[in-house]
Every structure is written in structure tokens, then in C-alpha cells.
Amino acid sequence: MPELPEVETVVRTLRPHLVGKQIVAVSHLDWPSTVQPMPPDLFREAVRGATVAAVSRRAKYILIGLQGGGSLVGHLRMTGQLVYHATPTTPGRFTRLVLDLDDGGQLHFDDMRKFGRLRYVAADERLEDALPDLGPEPLAENFTAADFSQLVSAKLARRANPVLKAILLDQSFLSGLGNIYADEALHLSGLHPLRTLRSLDEQESGRLYVAIRQVLNDSLTNNGTSFSDYRDGLGNKGSNQDFLHVYHRTGQPCHVCGTPVEKVVVGGRSTHFCPQCQPAAAGG
DNA sequence: ACATATTCCTGGGGGC
DNA sequence: TGCCCCCAGGAATATG
């Protein structure tokens with residue numbers, strides 16, 4: 001599942017191959033929902049002739065800025081892959097969209113499950129209006145422990161008290177974490193996923209902040225987690241799946257204490273934790 | 001405000 | 001071998 005480190009890796013690997021290139025045609029588009037809400041014909045028309053000015057990331061969104069101010073806003077969801085091919089390549093079984101570039105290369109959007117999107121946002125539309133409400137970037141240099149603590153306080157001040165797993169998945173609270181890194185961050189910080197936000201003391205909040213940044217940075221170093229479908233912008237796997245501590249390790253020994261990893265469902269999401277390293281709050 | 005269910009999708013795994 | 005069922009899950013949406 002592409003989360004912040006995976007999307008950032010895609011952006012970094014695509015950028016040198018896309019910036020300055022002109023999109024000469026949309027040569028394949030077999031799933032209209034991929035470019036919704038714009039009808040496929042209008043998408044082809046809007047994108048044809050555009051030149052890529054920049055490739056960046058906001059939360060789990062891939063932003064391809066175009067000269068003239070338009071943008072392509074991509075989200076890989078579960079199984080999406082945005083891959084640059086240096087030479088024309090026959091669309092695969094799961095290729096939903098192909099952009100032909102003026103260097104003879106192509107940008108393929110492959111997506112088995114069809115949840116991914118690559119939307120065109122016109123120059124006269126505000127990019128922030130095209131994106132949902134998104135919390136801070138956890139890896140931003142100016143995002144400090146104090147900022148995180150403030151974020152928690154603000155949430156609590158609104159009479160909210162979600163469980164930790166749920167709040168870490170809430171993109172409007174903090175952006176970029178998904179199921180893998182939420183579980184990994186809670187394990188690294190020694191916090192049970194069903195602890196509530198209000199139950200955190202200052203030290204635990206600090207540990208969680210450090211752990212979030214640690215698991216994301218570690219995964220970036222490993223080019224992301226290729227647990228199943230994730231590939232970078234050149235089609236290569238990451239290696240962070242070899243270093244996960246709890247995610248998808250149900251029943252296997254905790255790397256820290258040897259206790260079998262447990263799995264529960266929180267908010268409809270499978271949640272993995274070590275009952276020894278991540279004790280439940282006293283009293284339940 | 002939060003929890004839960006539903007929708008979108010399809011490959012793959014478990015059960016028989 | 002081959003069904004059927006159900007699961008995986010990010011995010012939007014609806015309902016309690």
C-alpha cells in the first residue's frame with residue numbers, strides 16, 4: 001500500500017524523467033474512473049501538448065505541475081503504479097492510462113484494483129480545492145515535537161478522543177501515514193493501538209512523534225515497502241518489507257521481545273501489535 | 001465527534 | 001481440480 005515513503009520514492013524516481021518533457025498524446029485510457037470527474041475525451045484534450053514543469057508530493061498525492069499552471073493530481077490508493085518507460089511499451093493487463101512523451105518514453109498508470117486516480121486540475125482551479133483537508137507533513141523539517149503536541153492538544157480541545165490507530169490514519173490530522181506505518185510507529189513507540197489520544201502523557205506523545213518520523217525515514221531509506229504491488233517510478237521494488245516489526249507479522253515473534261504479534265481490527269483496518277511491548281492502558 | 005457500514009475493485013487464499 | 005466466499009484496504013460517503 002503506497003503511503004508517504006512509497007509516494008515520495010515514486011516522485012523522486014519519476015522527477016528526472018518527467019520534468020521538461022512534453023506530453024504528446026494520451027495513447028491508452030481504458031478505465032474512465034481513473035481520470036474522473038473529467039470525461040476521458042476532455043482529459044485527453046487537456047493533457048495533450050502540456051509540458052511537465054515539476055513533480056512533487058503532498059501527503060499521499062503525486063503532483064505533476066504543468067507549464068501554464070495546470071496539474072495532474074495522482075493517488076495510487078492500493079495497487080496503483082506510476083511508472084516511466086524509456087521506450088514505447090505495450091500496455092499491460094492492468095494498465096489504465098498511458099501518456100506518450102516527446103522523448104519517446106511513456107508514463108504508464110497501472111492499477112489492478114482500479115481505485116487509483118490521475119486527475120487533471122486546470123490552471124484556474126486552486127490546487128488546494130482539488131485536495132481534501134490534509135494535516136501537516138510529518139517529515140517536514142519545521143514539524144517539531146512541539147507542533148505534534150500542539151496538534152494533539154487542538155484535537156483534544158475539540159472534545160475528541162479517538163484511539164491512536166484511528167487518529168494516525170486520519171489524513172486531516174496528520175498526513176501520509178497508512179496502515180503499515182501507523183502500526184509500525186505505535187510499535188516503535190511502545191503504545192497500544194487502542195490507547196486513546198487523551199491518555200497520552202507528554203513523554204508518550206514525544207515518543208510517538210519520534211517514532212512516526214523514524215519509521216517513515218527508515219522506509220524512505222529502503223525505497224518503500226513492496227509488500228505486494230508497490231513499485232517506484234521506474235518499476236523497481238523497495239526493500240522495507242524486510243524490516244517491518246509488526247505489520248503483517250501476526251503470530252510471528254516480536255523482534256524486540258519474542259512475544260507473538262497479535263492482530264485486531266480497529267476501524268475496519270487490520271492492526272498489528274506486540275502485547276508485551278505495547279501494553280493496554282490500565283483498567284482496559 | 002466518533003463508530004460503523006458501504007462503496008469502489010480484483011487477485012488470491014482458505015475451505016470443502 | 002474447482003468452485004465459492006471472503007479478505008485486503010485508502011478514502012469518500014452515509015447513517016447512527
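Computed over heavy atoms, backbone and side chain alike; hydrogens, waters and symmetry mates excluded. Fair warning: this is a prediction, and the values are worked out from it, not measured in the lab. Throughout, a chain's letter reflects where its sequence line sits, starting with A, and its residues are numbered from 1.
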Using atom CE of M78(A) as one end and atom C1' of dA12(C) as the other, report the distance to the nearest whole Å.
12 Å
Pairing donors with acceptors under 3.5 angstrom, does anything connect the side chains of D133(A) and S172(A)?
no
Tell me the salt bridge (charged side-chain N to carboxylate O under 4.0 Å, His left out) pairs involving residues 28-40 of chain A, sequence neighbours left out?
D30(A)-R96(A)
Fit a plane to each ring of H108(A) and H85(A), take the angle between them on a 0 to 90° scale, and name the class: parallel (under 30°), tilted (30 to 60°) or perpendicular (over 60°).
tilted
Could you list the residues that satisfy ring-ring contact (aromatic ring centres under 6.0 Å, His included) with F43(A), not counting sequence neighbours?
none
Sorted by number, the residues of residues 147-163 of chain A with heavy-atom contact under 4.0 Å to DNA chain C
none
Please say which of L186(A), L191(A), D183(A) ends up in a side chain to side chain contact (heavy atoms under 4.5 Å, CB included) with Q278(A).
L186(A)
Angle by which the axis turns from one end of the helix from dC2(B)-dG16(C) to dC16(B)-dG2(C) to the other, five pairs per end, to 10 degrees
60°
Residues which pass ring-ring contact (aromatic ring centres under 6.0 Å, His included) with Y247(A), listed by chain and number, not counting sequence neighbours
F227(A), H272(A)
Comparing nearest nucleotides in DNA chain B, the 5'-proximal residue of the pair R96(A), A166(A) is A166(A)
Show every salt bridge (charged side-chain N to carboxylate O under 4.0 Å, His left out) that has at least one partner inside residues 201-219 of chain A, sequence neighbours left out.
R195(A)-E204(A)
Please determine if K237(A) and D232(A) form a salt bridge, counting it only when a charged side-chain N lies under 4.0 Å from a carboxylate O.
no
Go through the steps for F273(A) and H187(A) under the test ring pair (Phe, Tyr, Trp, His ring centres under 6.0 Å), then give the verdict.
CA-CA 6 Å; F273(A) 68 101; H187(A) 179 261; 9.7 Å; no
Whole-Å distance, D229(A) CG to dG11(B) P, equals 11 Å
Protein within reach of the bases, or only the backbone? For nucleotides 4-9 of chain B, mark each nucleotide 5' to 3' as B, S or -, using heavy atoms under 4.0 Å.
----BB
Just the rounded figure in Å: distance from P of dA3(B) to CG of L169(A).
12 Å
Can you tell me which residue pairs pass the salt bridge (charged side-chain N to carboxylate O under 4.0 Å, His left out) test with a partner in residues 6-19 of chain A, sequence neighbours excluded?
E8(A)-R12(A), E8(A)-R57(A)
Please state how far atom CG in D111(A) lies from atom P in dA11(C), giving the value in whole angstrom units.
14 Å
On the nucleotide dG10(C), are OP1 or OP2 found under 4.0 Å from the side-chain N or O atoms that H75(A) carries?
no
Residues in side chain to side chain contact (heavy atoms under 4.5 Å, CB included) contact with S27(A), at least two apart in sequence or another chain
V98(A), D100(A), Q106(A)
Interatomic distance where CD belongs to Q81(A) and P belongs to dT10(B) [whole Å]
16 Å
Length of the line joining L168(A):CG and dA11(C):P, which is rounded to integer Å
13 Å
Check the distance between dC7(C)'s P and F227(A)'s CZ and give it to me in whole angstrom.
16 Å
Just the rounded figure in Å: distance from P of dA3(B) to CG of L197(A).
11 Å
When all nucleic acid strands are considered with a 4.0 Å heavy-atom cut-off, which category describes K263(A): base, sugar-phosphate, or nothing?
sugar-phosphate
Could you identify which residues of residues 1-12 of chain A place a heavy atom less than 4.0 Å from some atom of DNA chain B, listed by residue number, or say none?
none
Answer with base, sugar-phosphate or nothing: what part of the nucleic acid does Y181(A) contact at a heavy-atom distance below 4.0 Å?
nothing
Quick note, Y247(A) side chain, CB onward, closest among dG11(B), dG10(C), dA8(C) is dA8(C)
Taking every heavy atom of G68(A) against every heavy atom of A123(A), the minimum-distance pair comes out as O-CB, 3.3 Å
Does R126(A) have any side chain to side chain contact (heavy atoms under 4.5 Å, CB included) partners at least two apart in sequence or in another chain, and if so, which?
E128(A), D129(A)
Is the phosphate of dA11(C) approached by Q171(A) (side-chain N or O, under 4.0 Å from OP1 or OP2)?
yes
Give me each pair satisfying side chain to side chain donor-acceptor pair (under 3.5 Å) with a member in residues 60-83 of chain A, each pair once, sequence neighbours excluded.
T79(A)-D111(A)
